[in-house]
Q: 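Quick one: this structure, given as structure tokens, is what I'll be asking you about.
Order of appearance sets the numbers: ligands from 1, and atoms from 1 within every ligand. As a basis for the values below, the full set of heavy atoms in this structure was taken, side chains included, without hydrogen atoms, waters or symmetry mates.
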Amino acid sequence: MIGPAAALPDVLRRIVGAGHVLTVEGGDDRALEAYLLDWRRRWRGRALAVVRPGSTAEVAAVVRACAAAGTALVPQGGNTGLVGGGVPDASGTQVLLSLQRLNRVRALDAANLTITAEAGCVLHHVQQAAADAGLLFPLSLAAEGSCTLGGNLATNAGGTQVLRFGNARELCLGLEVVTAEGEVWEGLSGLRKDNTGYDLRDLFVGSEGTLGVITAATMKLSPQPAATMTALAACDTLAACVELLKLARTRLASGLTGFEVMGRFALDLVARHFPQLPRPLPSAPWTVLLEHGDTEGVAAARTRFEALLGAAIEAGHVADAVVAESLAQSRSLWHLRESIPLAQSEEGLNIKHDISLPVSAIPAFVERTDALLLARFPGARLVNFGHLGDGNLHYNLQCPEGDDARRFLEQHEHEVNRIVFDALVPFGGSFSAEHGIGALKRDELAARKSPVALALMRRVKAALDPAGILNPGRVL
Ligand code: FAD
Ligand code: ZN
């Protein structure tokens, strides 16, 4: 290797300390694996170096050094992203910038209901810091034990509480960002109202590491609910699930904090790979997980929740239901839901779709698209689950039992995607709801987004990252 990039690892070592720069030449192959292979095991990148700065100033110095060397940077948090956006490409010329050492909670303001935390804080730790202060940080997703706040913001993550509290963007009040030129934008603010020009914060949220490196954020907190109730309900059809949602919204109003749907085959996979997990209502074609947060206390919450389920059974929307009697039971119901992605990856490579639709259109979309897919790929196994309350389905496809999954994907993934994404169009749906574009859906974005929107996005990218060094080839 010749030129400025060859000397870059040594420059980076001087910035962050030799122990925080990993390279193949340095014999770090094994440690590199965790950074270079994505969670789905679909993308394996190579890197000139993995660099782990410990402060915002070090991030800025790393970005300046890479910019001077003309070397591209790929920011990474917990490496749980599902669209191949957080691992470098195969060229071995990019630097992977891990934010994991920026893991301090900087401040919690209970009266202002805000928490300021660094980008590498694991989501669960942010939730815990809020809980320790008697407050709630509502962002919640199955990867919360390893995904980071910076990654959540960079992907505008959704999760299971969006129905009540919104996605990462709606929870974010302020950001600290290192720009592509290595300057620090100090935009940490706990203000609910701040109309002072263009909204820079919202440009960086959801930009998947292509516009700037998020180093810290100020996020909204909420009071803890006095009581939380969880139930599973068995429904015969998706249309019945939607009726249940309508009823739950009417009866619980903002007390409806979660409404997840799980198709039978999704739960069959959980039973196959995690047989130790109890599975109530095993024969239900569709299982809904409902969560109710109440400010008035346990007795009032239980009365309201049981009345809702009773009314839903009476109306014929629900065939049977179980209400968790303890925190442990509630956790085990959530555990079932959260185990679906893991069970799917145990089952083998699969084709994931993270789609959104108007809730009212979901039953017709699924009926039509299931039929199209099964006619074209007899025996294909449809794994359908998701955040029905947000109109967001994880509408995934596993190859026919016994087939070679890798070969099936190589041959058919493109066509499967086309069938699903085309089917969304008449219903006004989106081919990317909460996981982002990354590398996986970049071509889809180029093909399906309006030319005007694409041109505006390219201009934003060129303005904020003129040298094109931040996560090139991702999103656009
Ligand atoms: P990474 O995977 O490290 O990175 C993701 C993207 O963000 C990359 O493009 C990366 O370059 C960029 N990035 C990361 N950190 C920064 C930073 N500090 N500054 C700038 N760019 C950065 N998502 C949902 O929305 N809802 C769910 O319910 C959900 N469930 C999931 C369940 C499982 C089991 C798994 C594995 C993933 C799930 N996800 C879900 C995917 C989701 O995108 C991630 O879990 C999470 O938001 C990404 O955080 P991360 O720290 O792992 O980011
Ligand atoms: Zn999800």
Side-chain angles (χ1 to χ4, degrees), residues 34-35 37-41 43 45 53 56 59 63 72-88 94 96-103 117-124 126 139-162 167-169 175-180 204-217 258 260-261 337-345 352-356 385-390 392-396 432-440 442 465 470-475:
Y35 299 94
L37 180 65
D38 88 299
W39 189 88
R40 293 175 66 188
R41 302 174 165 272
W43 294 273
T56 301
V59 174
V63 173
L73 276 160
V74 180
Q76 187 186 85
N79 194 15
T80 67
L82 300 175
V83 292
V87 289
Q94 304 183 323
L96 186 134
L97 171 62
S98 168
L99 278 301
Q100 281 178 345
R101 288 180 61 226
L102 272 74
N103 59 5
E118 292 179 345
C121 284
V122 171
L123 174 56
H124 178 70
V126 184
L139 188 66
S140 177
L141 41 126
E144 64 198 24
S146 41
C147 67
T148 63
L149 182 61
N152 299 147
L153 286 161
T155 58
N156 185 23
T160 57
Q161 303 282 301
V162 175
N167 45 27
R169 182 189 303 283
L175 288 180
E176 179 187 88
V177 173
V178 171
T179 70
F204 292 111
V205 175
S207 66
E208 301 184 48
T210 63
L211 299 181
V213 182
I214 297 169
T215 49
E260 300 285 310
V261 74
R337 160 66 183 84
E338 286 166 354
S339 299
I340 297 172
L342 298 162
Q344 261 207 282
S345 84
K352 288 195 195 300
H353 303 107
D354 163 40
I355 56 177
S356 65
F385 65 100
H387 318 288
L388 187 64
D390 312 324
N392 176 193
L393 292 180
H394 298 311
Y395 184 76
N396 302 340
S432 173
E434 60 171 9
H435 295 162
I437 300 296
L440 182 67
R442 191 188 63 166
D465 180 18
L470 287 179
N471 219 355
R474 308 301 155 81
V475 183

Q: At the 4.0 Å heavy-atom cut-off, does Glu144 count as touching ligand 1?
A: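 The answer is no, since Glu144 has no heavy atom less than 4.0 Å from ligand 1.
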Q: Look only at the side chain of Asn392 and the backbone of Ala433, and say whether a donor-acceptor pair between them is shorter than 3.5 Å.
A: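 No, because the side chain of Asn392 does not come within donor-acceptor range (under 3.5 Å) of the backbone of Ala433.
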Q: Please state which protein non-hydrogen atom is closest to atom 50 (P) of ligand 1 and give its distance, to 0.1 Å?
A: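 I find the closest protein heavy atom is Gly78 N, 3.4 Å.
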Q: Classify the contact between Thr148 and ligand 1 as side chain, backbone, both or neither, using a heavy-atom distance cut-off of under 4.0 Å.
A: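 The part of Thr148 near ligand 1 is both the backbone and the side chain.
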Q: Which atom names give the shortest non-hydrogen contact between Gly209 and Asn471, and what distance separates them?
A: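 Answer, listing the atom of Gly209 first, then Asn471: O-CB, 3.3 Å.
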Q: Decide whether the shortest distance between a heavy atom of Ser207 and an atom of ligand 1 is less than 4.0 Å.
A: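 Contact check Ser207 vs ligand 1: negative.
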Q: Distance under 4.0 Å to a non-hydrogen atom of Gly212: what atoms of ligand 1 satisfy this?
A: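 With Gly212 as reference, the close atoms of ligand 1 come out as 20 (C).
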Q: If we only count N/O pairs under 3.5 Å, is Cys147 in contact with ligand 1?
A: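 Not met; the criterion fails.
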Q: Can you give the angle His387 NE2 - the Zn ion (ligand 2) - His394 NE2, rounded to 10°?
A: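 It comes to 100°.
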Q: Which residue owns the protein heavy atom closest to atom 44 (C) of ligand 1, what's the atom, and how far is it?
A: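 Answer for atom 44 (C) of ligand 1: Thr80 OG1, 3.1 Å.
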Q: Any idea which heavy atoms bring Val87 and Tyr35 closest together, and the distance?
A: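 The answer is CG1-O, 3.4 Å.
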Q: Nearest 0.5 Å, what's the CG-CG distance between Asn79 and Leu96?
A: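 CG of Leu96 is found 8.0 Å from CG of Asn79.
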Q: Can you list the atoms of ligand 1 that are under 4.0 Å from a heavy atom of Leu99?
A: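 So the atoms of ligand 1 that pass are 18 (N).
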Q: Tell me whether Asn79 has any N or O atom under 3.5 angstrom from an N or O of ligand 1.
A: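 Yes, Asn79 has an N/O under 3.5 Å of an N/O on ligand 1.
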Q: side-chain contact (heavy atoms from CB on, under 4.5 Å), that's the test. Do Gln344 and Asn396 meet it? Break it down for me.
A: CA-CA 9 Å; Gln344 261 207 282; Asn396 302 340; 2.7 Å; yes
Q: Any idea which heavy atoms bring Asn167 and Ala157 closest together, and the distance?
A: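 Closest approach of Asn167 to Ala157: CB-O, 3.3 Å.
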Q: Show the atoms of ligand 1 that are less than 4.0 angstrom away from any heavy atom in His387.
A: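 Those atoms are 28 (O).
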Q: How does Ala157 reach ligand 1, if at all, at less than 4.0 Å between non-hydrogen atoms: by side chain, backbone, both, or neither?
A: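 The part of Ala157 near ligand 1 is both the backbone and the side chain.
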Q: For atom 5 (C) of ligand 1, what is the nearest protein heavy atom, given as residue, atom name and distance?
A: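 Result: Thr155 CG2, 3.7 Å.
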Q: So if I count the atoms of ligand 1 from 1 in the order they appear, which ones are less than 4.0 Å from some heavy atom of Ala143?
A: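 Going through ligand 1 atom by atom, the ones under 4.0 Å from Ala143 are 32 (C), 33 (C), 35 (C), 37 (C), 45 (O).
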Q: Using a 4.0 Å heavy-atom cut-off, say whether Asn471 meets ligand 1 through its side chain, its backbone, both or neither.
A: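 Asn471 to ligand 1: side-chain contact only, backbone stays beyond 4.0 Å.
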Q: Taking both backbone and side-chain atoms of Leu141, is any N or O found less than 3.5 Å from an N or O belonging to ligand 1?
A: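 It does not: no N or O of Leu141 is found under 3.5 Å from an N or O of ligand 1.
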Q: Just jot down the ligand 1 atoms closer than 4.0 angstrom to any heavy atom of Ala119, in number order.
A: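 Answer for ligand 1: 18 (N).
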Q: Of all the atoms in ligand 1, which lie at a distance below 4.0 Å from a heavy atom belonging to Gly209?
A: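 In order of numbering, the contacting atoms are 20 (C), 21 (N).
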Q: Note the single closest protein heavy atom to atom 47 (O) of ligand 1, along with its residue, its atom name and the distance in Å.
A: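 The closest one turns out to be Asn152 ND2, 3.0 Å.
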Q: Looking only at heavy atoms, is any part of Arg474 under 4.0 Å from ligand 1, and if so is it the side chain, the backbone, or both, or is it neither?
A: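 No part of Arg474 comes within reach of ligand 1.
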Q: Under 3.5 Å between some N or O of ligand 1 and some N or O of Glu208?
A: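 Yes; the residue has a nitrogen or oxygen that sits under 3.5 Å from a nitrogen or oxygen of the ligand.
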Q: For ligand 1, which is the ligand I care about here, please tell me if Ala154 has any N or O atom under 3.5 Å from one of the ligand's N or O atoms.
A: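 No, Ala154 has no N/O under 3.5 Å of an N/O on ligand 1.
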Q: Does Gly159, backbone or side chain, put an N or O under 3.5 Å from an N or O of ligand 1?
A: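 Yes, Gly159 has an N/O under 3.5 Å of an N/O on ligand 1.
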Q: Measure the distance from atom 2 (O) of ligand 1 to every protein heavy atom, then report the residue, atom name and distance (to 0.1 Å) of the closest one.
A: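 The closest one turns out to be Gly81 N, 2.7 Å.
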Q: Considering both backbone and side-chain atoms of Pro341, is one of its nitrogen or oxygen atoms within less than 3.5 Å of a nitrogen or oxygen in ligand 1?
A: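 It does not: no N or O of Pro341 is found under 3.5 Å from an N or O of ligand 1.
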Q: Got the closest protein heavy atom to atom 27 (C) of ligand 1, with its distance?
A: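 Its nearest protein heavy-atom neighbour is Glu434 OE2, 3.4 Å.
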Q: How far is atom 19 (N) of ligand 1 from its nearest protein heavy atom, and which residue and atom name does that atom have?
A: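 Looking at atom 19 (N) of ligand 1, the protein heavy atom closest to it is Ile214 N, 2.9 Å.
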Q: Which protein heavy atom lies closest to atom 10 (C) of ligand 1, and at what distance to 0.1 Å?
A: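 Going atom by atom, the protein heavy atom closest to atom 10 (C) of ligand 1 ends up being Pro75 O, 3.1 Å.
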Q: Is the closest heavy-atom distance from Gln76 to ligand 1 below 4.0 Å?
A: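 Within the 4.0 Å threshold, so yes.
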Q: Between Glu208 and Arg474, does at least one N-O distance fall below 4.0 Å, as a salt bridge requires?
A: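 Answer for the salt bridge query: no.
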Q: Closest to the Zn ion (ligand 2), which N/O/S atom of Glu434 is it?
A: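 Closest to the Zn ion (ligand 2) among those atoms: OE2.
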